[in-house]
Amino acid sequence: MKAFTQHQGLVAPLDRPNVDTDAIIPKQFLKAISKTGYGPFLFDDWRYTDGGGMPGQDCSQRPLNPDFVLNQTRYQGASILLTRDNFGCGSSREHAAWALADYGFRCVIAPSFADIFHGNAVSNGILPVRLDAETVERLFQECFSAEGYRLTVDLEARTIETPGGEAIAFEVEDGIRHRLLNGLDDIGITLQSADAIRDYEQRRKQEKPWLYTEPA
Amino acid sequence: MGKTLYDKLWDDHTVQRNEDGTVLLYIDRHLVHEVTSPQAFEGLRLADREPWRKDSILAVPDHNVPTFMRHTIEDPVSRMQLETLDKNVAHFGLREFPLNDSRQGIVHVIGPEQGFTQPGVTIVCGDSHTATHGALAALGFGIGTSDVEHVLATQTLLMKKSKNMRVTVDGKLGKGVTAKDIILAVIGRIGTAGATGYTIEYAGEAIRDLSIEGRMTICNMSIEAGARAGLVAVDDKTIDYLRDKPMAPRDDLWDQAVAYWRTLVSDPDAVFDKEITLRAEDIQPQVSWGTSPEMVVPVSTSVPDPAEEADPVKRQAMEQALRYMDLKPGTPMAEIPLDKIFIGSCTNSRIEDLRAVAEIVKGHKVAATIKEAIVVPGSGLVRLQAEKEGLDRIFTEAGFEWREPGCSMCLGMNPDKLGAGERCASTSNRNFEGRQGAGGRTHLASPAMAAAAAIHGHFVDVSQLQ
């Protein structure tokens, strides 16, 4: 996993709540069997006006929706997504996190995230930052009013620094912070506990043998 | 202090507690389908790892499967994904119900149907509707592909415990009101993020009165309220449901299992972090009007007016939804004309759902204005059972198409989708923009409501039908 320590980047404001994973990456792109190449199809139905792309399609000639935030000149190159409540709700598709990462997003700021998406983001080196709704509203207003609005996200210090020099503190679970700071492979960490897993399994077989009979 | 059912399941699967409050949680059962597994298997191969416990895994193709002429998959990308599942299963020596197996079906239908899902197990799948299995007091939840790989490689997940929420539905449901209406009403009440960070236990007389199939419909949509898992305590219905299921324990092991399963209820003095109570008598047949499952109203009412919403973020979301759905505030829900009808999905494709549809459509015809009405059973075994009961003939005589099992038009990864602007009464679980096809408009409803809508060409209040 790509480590996340500090990141400074351009902010794109996606001003709607309950952005679901079907919107982040529509179903037809879930047919691919790789983890990469989803960036051009991020927010496909909102970003293009041709009624939906196809996996593997060259998007360079597709008609863009000029009203969609990521198509506006001032947000080109954005790597921090600012959005509203319950971002990433709906399906468990990790393709949503892959698409955001492949597009170039390293951080998503919102008042709240759906649980499965939150985990998927972290697994892909994207930092989800929860801030209270008032602060998010303020960042939206600052972002709308200042072209080239950039934030500095410091995971080490657990702060977001605004262009005005204000440092906004955020909370993040210690385990998630540790994994992101070090870019750790979860499976590798868990396998250090292989003996504990085997011991547990032995006990479980004794206590609940019906779970270990060969199914029909 | 007593323990909730969720506390008991959590504690029983805790392998190791970490300093940061997370837990290494043991996973008993792993359902695998073609969409969210290829990258996980690839990860295993790249790291030269083997699945930790192959007998914990059951693989089945469902999302891409065509529901007619299923062995000629025209979309090469879909075909490749289905073939990739078969190859991975063969490579790692796993168990699969392939396309030509009568047990094949939607992953969340076949797990309970086979007795692969049992009370007291943890069961995961790269699919958010894994909450379905909680109807059997199994702790089931959806995971992303990185976690699929993690479970394959380690039989565990690193997790933080959720809080406990109890949703109690007291009293008796009225005529024509079903499990689907209960869960839509719950989501309408608490919102799509209302249970984020919680596991929901559903309780109360109206839940106890439901069949296991009805309880699955409720638990299935827990994720639409933000909860990764939903649960219902074990009772006689749970035990009766599992008796004689192919993968359920036998003989002495059955007795041992049942003795344990009986303990899988919340203690009387257990404390929940949040309690929600609904009266069954107050719940009417529900229909969604917008693009989030929380945008739902009783069918007897009208499309709501954003002008009456005080919160500006919510108001804007309502306006966006109305634009997408091409609806005007104040329009009676029953006057909205429909183009297509979809009966199916992991929410409502079990035999009980099909019986409810048959009861409504028997002797009637699908309205001439409906372009397509399809019934997609949840599994090959549901399909066979329905045919044994003659339900398929009732459907086809009424003008429905009787299809083969799969996820189908719930998300349109196979050829079944909505065209741009088409409006569908759907028994599925999500009415997101483009969910059933780019530009398609979804109205979520119960099987009985969708069936009645097929006959009339628009929604009708099934509680008022004679």
Side-chain angles (χ1 to χ4, degrees), chain A residues 15-18 20 22-23 26-28 30-35 45-46 51-52 54-56 84-86 89-95 97 112-117 119-120 123-124 133 173-175 178 186-187 189-191 193-194 196-197 200-201 204 208-216, chain B residues 15-16 18 20 22 24 26 28 35-36 38-39 47 55 64 77-78 80-81 84 116 121 126-128 142-147 149-150 153-156 158 160 192-193 196-197 226 228 246-247 249 253-254 256-257 260 292 313-314 316-317 320 411-413 420 430 432-435 438-439:
Chain A
D15 189 11
R16 50 197 294 165
N18 299 321
D20 59 75
D22 277 83
K27 84 273 283 143
Q28 64 268 35
L30 276 53
K31 297 178 185 184
I33 56 173
S34 66
K35 281 190 185 182
D45 286 353
W46 292 344
M54 290 310 293
R84 301 284 185 180
D85 258 315
N86 201 26
C89 61
S91 114
S92 63
R93 60 188 70 168
E94 194 159 321
H95 311 66
S112 62
F113 294 89
D115 283 340
I116 304 177
F117 173 80
N120 287 342
S123 296
N124 290 280
E173 287 92 340
D174 290 342
H178 178 70
D186 291 354
I187 295 176
I189 302 175
T190 299
L191 285 175
S193 302
I197 300 170
Y200 172 91
E201 260 178 347
R204 194 157 182 77
K208 300 184 174 76
W210 64 87
L211 291 175
Y212 291 83
T213 51
E214 191 54 34
Chain B
V15 174
Q16 183 177 290
N18 302 317
D20 66 350
T22 57
L24 204 56
Y26 187 77
D28 294 303
V35 178
T36 54
Q39 298 85 350
D55 69 344
N64 282 272
V77 198
S78 280
M80 157 87 98
Q81 193 163 56
T84 302
F116 182 75
V121 302
D127 192 292
S128 61
I143 54 178
T145 298
S146 293
D147 281 349
E149 185 181 341
H150 196 279
T154 72
Q155 212 61 37
T156 63
L158 188 63
K160 198 176 142 201
T192 52
T196 301
R228 277 178 92 165
M247 295 182 187
L253 287 177
W254 167 263
Q256 264 186 52
Y260 171 64
S292 164
V313 175
K314 278 193 186 153
Q316 194 189 335
Q320 272 163 347
L411 83 168
M413 281 191 74
R430 289 187 177 134
F432 298 152
E433 286 186 20
R435 168 78 179 181

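Order of the sequence lines fixes the chain letters, A, B, ..., with proteins taken first and strands second; residue numbering starts at 1 for each chain.
The line from OG of S91(A) to CZ of R435(B) is 6.5 Å long, rounded to the nearest 0.5 Å. Taken from CG in L211(A) to OH in Y260(B), the straight-line distance is 8.5 Å, to the nearest 0.5 Å. Rounding to the nearest 0.5 angstrom, the gap separating the CG atom in D55(B) from the OH atom in Y212(A) is 8.0 Å. With rounding to the nearest 0.5 angstrom, the CG atom of D22(A) is 6.5 Å from the CZ atom of R430(B). T156(B) contributes atom OG1, which lies 9.5 Å from atom CD of E201(A) (distance to the nearest 0.5 angstrom).
Heavy-atom distances place no part of A97(A) under 4.5 Å from chain B, backbone and side chain included. Heavy-atom distances place no part of H178(A) under 4.5 Å from chain B, backbone and side chain included. In this structure, chain B has no heavy atom under 4.5 Å from any part of F117(A). For chain B, the nearby part of N18(A) is the side chain; its heavy atoms alone come within less than 4.5 Å. Both the backbone and the side chain of P209(A) come within contact range of chain B, each with at least one heavy atom under 4.5 Å from a heavy atom of that chain. Heavy atoms of A23(A) lying under 4.5 Å from chain B are absent altogether. For K208(A), the part sitting under 4.5 Å from any heavy atom of chain B is the side chain, from C-beta outward, and nothing else.
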Derivation and outcome, side chain to side chain contact (heavy atoms under 4.5 Å, CB included), residues D15(A) and Q316(B)
CA-CA 9 Å; D15(A) 189 11; Q316(B) 194 189 335; 3.8 Å; yes

Take V15(B) and S193(A) through the side chain to side chain contact (heavy atoms under 4.5 Å, CB included) test and state the conclusion after the steps.
CA-CA 9 Å; V15(B) 174; S193(A) 302; over 6 Å; no

Given the rule in the side chain to side chain contact (heavy atoms under 4.5 Å, CB included) test, do T192(B) and N86(A) qualify, once you have shown the distances and angles that lead to the verdict?
CA-CA 8 Å; T192(B) 52; N86(A) 201 26; 3.2 Å; yes

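Side-chain contact, D186(A) with S146(B): no donor N or O sits under 3.5 Å from an acceptor N or O. Looking only at atom types and distance, the side chain of Q16(B) has no donor-acceptor partner in the side chain of Y200(A) under 3.5 Å away.
Among Q155(B), Q320(B), M80(B), K160(B), the residue making the largest number of heavy-atom pairs under 4.5 Å with chain A is Q320(B). Considering only heavy-atom pairs separated by less than 4.5 Å from chain A, the leading option among A193(B), A317(B), G142(B), A257(B) is A257(B).
A salt bridge links D28(B) and R204(A); the closest N-O separation between the charged side-chain nitrogens and carboxylate oxygens is under 4.0 Å.
Scanning all heavy atoms of the two residues, the minimum distance from G226(B) to D115(A) falls at O-OD2, 4.1 Å. Annotation for E94(A) and G144(B): closest pair OE1-C, 3.3 Å, computed over non-hydrogen atoms.
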